[in-house]
Amino acid sequence: MVWAVSAGQLARIDRRPTAMAPPEVRLADGVAMSYSAIYRSQPHVRTVIDFLGRNIAQLGLHVYRRVSDTDRERLADHPLARLLSRPNPATTRYRLINALVQDIATYDMAVLARIRPEDAGNDIGGLVRLPPSRVRLVDGDWMEPGAFEVTGRAGKFIVPRDRAVYLRGYNPDGDRDGLSPMETLRGTLAEGYSSQQYREQLWRNGARMAGWISRPAEARAWSDKARERFRADWRGLYTGTGTAAGGTPILEDGMEWHAGGMTPEQAQYLETRKLTREEVAAAYHIPLPMVGILDHATFSNIREQHRQLYQDTLGPWLVWLAEEIELQILSDLPDSEGVYCEFNIAAKMAGSFEEQAAAMSTMVGGPVMTRNEGRARVNLPRLDGGDELIVPLNVTEGGQASPRDSAPPSVEPSESAPREASAVVRGKRQPGPDPSARTSTRPGMKRL
């Protein structure tokens with residue numbers, strides 16, 4: 001393979017990259033919301049983003065060493081395992097992963113600052129989340145930022161690139177930063193905002209039908225003062241929380257009420273809200289039943305969509321996060337040869353306990369747990385002599401495949417064996433010995 005271009009040559013193409021677009025979305029005339037404000041005010045967006053963060057954070061993140069092609073060893077005391085289990089004295093693993101995923105889902109980027117071992121309370125250092133709303137990418141080129149400027153009330157602080165963990169998604173304009181799904185959902189979010197404003201105005205008006213009032217042309221002329229008085233009296237009595245809201249208005253001078261506007265049924269308000277949630281869920285590749293849309297849900301397809309969730313929806317997220325951790329964190333830690341991390345997705349993909357026990361027993365041809373291992377699953381103390389694997393007498397090598405096969409093997413009757421009590425000969429049932437003549441073999445019972 002011929003290496004034709006160096007990374008430095010590519011970076012020099014644009015040393016002054018285009019500034020990041022402000023992280024906000026225009027929802028209406030004169031109304032623009034930041035990504036964080038959309039997360040706070042748009043329930044559908046928060047539902048989907050929270051779903052991603054919580055479901056990924058609940059998965060265990062384990063560290064392994066590859067021993068051979070068919071074997072691996074879990075490293076519970078490896079520096080990476082210790083760092084992930086307690087990133088800093090005030091943060092748990094769950095909170096860090098949850099915040100990391102939600103930052104990426106909201107901004108398509110996430111930044112973690114590396115802190116010193118003495119600040120982390122250990123000998124390996126720690127990680128602290130930097131809110132993307134406070135971070136600005138500075139210096140560098142179109143491929144990689146040079147540093148991160150963190151802004152607070154007390155001033156600004158520069159975090160060099162080599163002292164930070166930086167994750168970002170795909171952006172067609174360059175690799176410097178990601179492209180938030182909020183930009184793609186701009187039209188859907190604007191429609192949802194307008195729908196929400198309509199609902200608030202409807203209830204502010206006492207949920208009454210909108211309309212207008214006409215006054216006959218031949219009525220006496222109105223002065224500006226009289227017109228303002230009528231308008232103030234009308235709003236104070238019949239709209240909002242007025243004393244006569246919902247009552248029958250009394251019109252004067254031959255005025256007429258003309259109904260207008262659009263009812264919630266005509267506006268298809270419920271359908272619009274459901275469509276907004278569907279569009280947001282589709283943008284994050286989440287099956288609809290997982291976010292509460294159960295129009296076409298059944299027991300069987302929900303079960304399959306649960307599997308699809310951890311395979312097609314969360315699967316790419318888990319691979320991405322694990323590889324970024326190995327690239328940016330594990331490579332700087334000691335004893336990293338042959339070490340990797342992996343989310344424990346097997347616990348979510350496995351069937352029920354009964355299904356797992358039956359499948360495992362069939363695969364191995366015998367019991368797979370000792371008595372003490374079984375007692376540990378139900379939080380019972382160990383027993384002396386309970387560490388031996390008990391093999392039932394009906395399970396032997398070359399015999400039955402598993403203890404689930406309990407039927408005895410068939411035996412060909414010999415010539416001297418007694419005939420059955422009855423037999424079928426040429427389609428006719430032949431009488432056998434009298435059943436009452438048999439002697440019961442059960443103890444304590446007598447033949448009557």
Side-chain angles (χ1 to χ4, degrees), residues 23 35-36 39-40 46 49-64 74-137 145 147-169 178 314 317-334 336 339-345 347-348:
Y35 296 162
S36 58
Y39 173 82
R40 288 194 298 266
R46 177 158 188 171
I49 293 178
D50 283 356
F51 178 85
L52 284 173
R54 295 167 62 184
N55 278 273
I56 294 178
Q58 71 170 330
L59 299 175
L61 184 55
H62 300 163
V63 179
Y64 299 94
R74 183 176 174 183
L75 307 176
D77 197 40
H78 190 273
L80 179 60
R82 292 161 50 202
L83 176 62
L84 295 176
S85 64
R86 184 56 61 91
N88 60 69
T91 305
T92 62
R93 180 203 59 83
Y94 179 94
R95 286 183 54 203
L96 180 73
I97 299 299
N98 183 38
L100 194 68
V101 172
Q102 296 208 38
D103 282 346
I104 297 174
T106 304
Y107 295 88
D108 206 27
M109 61 171 284
V111 185
L112 302 175
R114 304 173 187 263
I115 60 176
R116 298 174 298 183
E118 53 267 27
D119 296 331
N122 54 42
D123 58 342
I124 55 178
L127 299 171
V128 174
R129 168 185 174 254
L130 300 180
S133 59
R134 296 177 176 268
V135 175
R136 187 174 70 91
L137 309 185
F148 304 93
E149 183 183 82
V150 186
T151 304
R153 294 183 179 180
K156 300 179 180 180
F157 183 80
I158 300 296
V159 179
R161 176 65 183 91
D162 59 351
R163 298 185 183 180
V165 177
Y166 179 43
L167 292 83
R168 72 277 200 187
L314 302 185
W317 279 85
L318 303 181
V319 173
W320 177 23
L321 293 175
E323 291 185 351
E324 291 288 349
I325 291 174
E326 294 170 10
L327 175 65
Q328 302 192 47
I329 301 178
L330 177 61
S331 58
D332 294 335
L333 296 176
S336 60
V339 177
Y340 66 97
C341 63
E342 183 179 277
F343 284 90
N344 185 23
I345 195 175
K348 292 294 183 180

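Computed from a predicted structure; not experimentally measured. The first residue of the sequence shown is numbered 1, and numbering continues consecutively from there.
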Visitor: With sequence neighbours left out, what residues match E149 under side chain to side chain donor-acceptor pair (under 3.5 Å)?
Guide: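 For E149, the residues satisfying side chain to side chain donor-acceptor pair (under 3.5 Å) (neighbours in sequence not counted) are R136.
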Visitor: Which of these, D103, I97, I104, sits in a side-chain contact (heavy atoms from CB on, under 4.5 Å) with V101?
Guide: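 In the set D103, I97, I104, the residue that makes a side-chain contact (heavy atoms from CB on, under 4.5 Å) with V101 is I97.
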Visitor: I'd like to know whether C341 forms a side chain to side chain contact (heavy atoms under 4.5 Å, CB included) with L80, so could you lay out the CA-CA distance, the side-chain angles of the two residues, the decisive distance to 0.1 Å, and finally the verdict.
Guide: CA-CA 9 Å; C341 63; L80 179 60; 4.2 Å; yes
Visitor: What verdict does the side chain to side chain contact (heavy atoms under 4.5 Å, CB included) test give for L96 and N88, after you've listed the backbone C-alpha separation in whole Å, the side-chain angles of each residue and the deciding distance to 0.1 Å?
Guide: CA-CA 10 Å; L96 180 73; N88 60 69; 5.8 Å; no
Visitor: How long is the straight-line distance from CG of N98 back to CZ of R129, given to the nearest 0.5 Å?
Guide: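 Reported value, rounded in 0.5 Å steps: 9.5 Å.
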Visitor: Go through it in stages, so that I can follow the logic: the residues are M109 and V111, the test is side chain to side chain contact (heavy atoms under 4.5 Å, CB included), and I'd like the CA-CA distance, side-chain angles, deciding distance and then a yes or no.
Guide: CA-CA 7 Å; M109 61 171 284; V111 185; 3.8 Å; yes
Visitor: Determine whether a donor-acceptor pair (N or O, by modelled atom type, separation under 3.5 Å) exists between the side chain of N55 and the backbone of F51.
Guide: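 Confirmed, N55 side chain pairs with F51 backbone.
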Visitor: Just to verify, what does Y64 make a side chain to side chain donor-acceptor pair (under 3.5 Å) with, not counting sequence neighbours?
Guide: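 For Y64 the side chain to side chain donor-acceptor pair (under 3.5 Å) partners, ignoring immediate neighbours, are H62.
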Visitor: Quick check: do P79 and P334 have side-chain heavy atoms less than 4.5 Å from each other?
Guide: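 They are in side-chain contact.
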Visitor: Does N344 form a side chain to side chain contact (heavy atoms under 4.5 Å, CB included) with L61? I'd like the steps, not just the answer.
Guide: CA-CA 6 Å; N344 185 23; L61 184 55; over 6 Å; no
Visitor: With sequence neighbours excluded, tell me which residues meet ring-ring contact (aromatic ring centres under 6.0 Å, His included) with Y166.
Guide: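 Per chain and number, Y166 pairs via ring-ring contact (aromatic ring centres under 6.0 Å, His included) with F148.
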Visitor: If the condition is side chain to side chain donor-acceptor pair (under 3.5 Å), which residues does R163 pass it with, not counting sequence neighbours?
Guide: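 Testing R163 for side chain to side chain donor-acceptor pair (under 3.5 Å), a comparison that skips the adjacent residues, returns none.
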Visitor: I want to check something: taking the side chain as every heavy atom from C-beta on, are I325 and L327 in contact at a cut-off of under 4.5 Å?
Guide: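 Side chain of I325 against side chain of L327, heavy atoms only: no contact under 4.5 Å found.
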Visitor: For residues 85-98, which residue pairs pass the salt bridge (Lys or Arg N to Asp or Glu O under 4.0 Å) check, not counting sequence neighbours?
Guide: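 Applying salt bridge (Lys or Arg N to Asp or Glu O under 4.0 Å) to every pair that reaches into residues 85-98, excluding sequence neighbours, yields nothing.
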Visitor: Side-chain contact test, heavy atoms from C-beta onward, threshold under 4.5 Å: evaluate it for I56 versus L321 and give yes or no.
Guide: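 Yes - at least one pair of side-chain heavy atoms lies under 4.5 Å apart.
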Visitor: Salt bridge or not for D332 and R114, using N-O below 4.0 Å?
Guide: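 Salt bridge flag = yes for R114 with D332.
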Visitor: Kindly state each residue pair satisfying ring pair (Phe, Tyr, Trp, His ring centres under 6.0 Å) with at least one member in residues 83-130, sequence neighbours excluded.
Guide: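 Every ring pair (Phe, Tyr, Trp, His ring centres under 6.0 Å) pair that includes a residue of residues 83-130, provided the two are not neighbours, is Y35-Y107.
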Visitor: Going by the rule salt bridge (charged side-chain N to carboxylate O under 4.0 Å, His left out), which residues pair with E342 if we only count those two or more places apart in sequence or in a different chain?
Guide: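 With neighbours one apart ignored, the set is R72.
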Visitor: Going by the rule side-chain contact (heavy atoms from CB on, under 4.5 Å), which residues pair with A105 if we only count those two or more places apart in sequence or in a different chain?
Guide: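 A105 satisfies side-chain contact (heavy atoms from CB on, under 4.5 Å) with I49, L52, Y284, W317 once adjacent residues are dropped.
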Visitor: Do F157 and T151 touch side chain to side chain, with heavy atoms closer than 4.5 Å?
Guide: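 With C-beta onward as the side chain, the pair stays apart.
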Visitor: Going by side-chain contact (heavy atoms from CB on, under 4.5 Å), name the residues that satisfy it together with L83, two or more places apart in sequence or in a different chain.
Guide: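 Applying side-chain contact (heavy atoms from CB on, under 4.5 Å) to L83 gives I124, L127, I329.
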Visitor: With no hydrogens and no angle check, is any side-chain donor or acceptor of S85 less than 3.5 Å from a backbone partner on A81?
Guide: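 Yes: the side chain of S85 pairs with the backbone of A81.
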Visitor: Considering residues at least two apart in sequence or located in another chain, which fulfil the side chain to side chain donor-acceptor pair (under 3.5 Å) criterion with D77?
Guide: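 With neighbours one apart ignored, the set is empty.
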Visitor: Which residues pass the salt bridge (charged side-chain N to carboxylate O under 4.0 Å, His left out) test with D123, not counting sequence neighbours?
Guide: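 Listed in chain order: R82.
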Visitor: Which residue pairs pass the salt bridge (Lys or Arg N to Asp or Glu O under 4.0 Å) test with at least one member in residues 49-64, sequence neighbours excluded?
Guide: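 Those involving residues 49-64 are R46-D50.
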